Amino acid sequence: MQRALRLLEAVASHAEGAPAKQLARETGLPLPTTYHLLRTLTHEGYLVRDKGVFVLGDAAVRLAGGGAVQNRRIKIEDSLARWRDEIGVPIYFALYREGEIELVAVSDTPSNPAVEEWADFRETAHAHAIGQCLLSQLDPKSRQDHLDRHPVEAITPYTVRNRRVLLERLGSLGRMEPLVERQEYALGTVCAAIPITAGSAAGAMAISLPLHQEERLLPAVERLRTEIGRLLGSLAFSISI
C-alpha cells in the first residue's frame, strides 16, 4: 500500500502525466514492481494510461474530493463547538439537499443538551425552526413539492395548524431574519434558526433553549448571526459538503 501511495503521489506531481520509467526513478521502486503497481492502479481506476504516460483517474479524484469534504466537515464541527462554548447553547447546522432536510452537525454539552430528535426531522420540517428556515429559502414549486411529500401535521399542541398558516409565516419573513418557533417540535423548548445563503444549497444554523430560558433566545441567535457573518466573510467556511 505504501508503494502504491508513493506512485499516486508521484503521478499527481506531474500535471501532464509521467511514464513508468520516470515514476520508478522518482519513487525508488524497482521497474517490475512499478509496472505491476501501475497495472493494478489502472485496473482499479486510480490511474489512466494515455499515450505512454500515467495520469490520475476518476477514483483518485473522488478520493481527493472526499478528503476535501472531510476537511470542510471538521472546520464546520470546530466552528460549531466554539460557538457552543462562547454562547452557551446547542448549535445545529442543516442543509436542504436533494429534496430533504439533512441535519449535518450538532454541537451540545451535557449541561446544554440538544433537542432529542423524537420525530424524524426530514418529515417534520414544518414543525421545527431548522425546517421552516430551510423551507423559506426554497422557490414556491420546491416548497410545495416538499409539503406534498411531507404534509403539515400537528405533533404538539403548538405546531402550525395547516399549510396555509405555514406558508403565510414563511412569506412574512424578512431577508436573513431569524425564524423562531416555540414548542412546535418539542414541548418545553424554544428554537431559532438563521438562513445561510453561501453556496448553492439552502442552509441554516440554529440554537435551542429550554422554555424557561426563552429570554436568552434572541440575544443568543443575534450573537450567532454575527459570528457566522465573520466566518463567511473570512472565506474559511463552506457549506458544500
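Since the model is a prediction, treat every value here as computed from it, not as a measurement.
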Which heavy atom of [X] sits nearest to which heavy atom of [Y], and what is that distance?
X	Y	answer
Q22	H14	NE2-CE1, 3.2 Å
L217	I207	O-CD1, 3.7 Å
A220	V89	CB-CG1, 4.4 Å
Y92	A114	OH-CA, 3.3 Å
L31	A24	CD1-CB, 3.9 Å
P90	N112	CG-O, 3.3 Å

N/O donor-acceptor pair under 3.5 Å between R25 side chain and A20 backbone: no

Working for salt bridge (Lys or Arg N to Asp or Glu O under 4.0 Å), residues R225 and E222: CA-CA 5 Å; R225 180 159 62 174; E222 284 300 326; 2.7 Å; yes

Step-by-step side-chain contact (heavy atoms from CB on, under 4.5 Å) determination, E100 to H150: CA-CA 10 Å; E100 300 294 348; H150 303 298; 3.0 Å; yes

Can you tell if the side chain of [X] reaches within under 4.5 Å of the side chain of [Y], non-hydrogen atoms only?
X	Y	result
Q183	T159	no
C191	T189	yes
L7	L29	yes
L47	L8	yes
T42	V48	no
L135	L167	no
V190	E181	no
L103	L95	no

For [X] and [Y], which I'm curious about, is there any donor-acceptor pair between the side chains at under 3.5 Å?
X	Y	answer
S142	D139	yes
E153	H126	no
Q213	R216	yes
Y185	T124	no

Short N-O contact, R149 and D145, less than 4.0 angstrom: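 Looking at R149 and D145, the cut-off is met.
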
Under-4.0 Å salt bridge between E227 and R82: yes

How many angstroms lie between atom [atom1] of [X] and atom [atom2] of [Y], to the nearest 0.5 angstrom?
X	Y	atom1	atom2	answer
I91	E77	CD1	CD	14.0 Å
I194	M205	CD1	CE	8.5 Å
L187	L211	CG	CG	9.5 Å
L37	R6	CG	CZ	9.5 Å
D148	R143	CG	CZ	12.5 Å

Are [Y] and [X] connected into the same hydrophobic cluster when the rule is that any two of I, L, V, M, F, W, Y join if their side-chain heavy atoms are below 4.5 Å apart?
X	Y	answer
L209	W118	no
W83	I130	no
V11	Y35	no
L166	I101	yes
L224	L218	yes

side-chain contact (heavy atoms from CB on, under 4.5 Å) between L179 and L170, worked out: CA-CA 9 Å; L179 191 148; L170 300 183; 4.1 Å; yes

Looking at [X], I want to see if its [atom1] is surrounded by more than 12 non-hydrogen atoms of other residues, nucleotides or ligands under 6.0 Å.
X	atom1	value
E98	CD	no
R163	CZ	yes
E215	CD	yes
R169	CZ	yes

Verdict with reasoning, L38 to F54, per side-chain contact (heavy atoms from CB on, under 4.5 Å): CA-CA 8 Å; L38 289 174; F54 291 88; 3.6 Å; yes

Partner of L173 by side-chain contact (heavy atoms from CB on, under 4.5 Å), out of P195, S136, P178, C133: S136

Distance flag, aromatic centroids of Y96 and H146, threshold under 6.0 Å: yes

Test log, rule side-chain contact (heavy atoms from CB on, under 4.5 Å), inputs H128 and F121: CA-CA 8 Å; H128 49 76; F121 262 39; 3.8 Å; yes

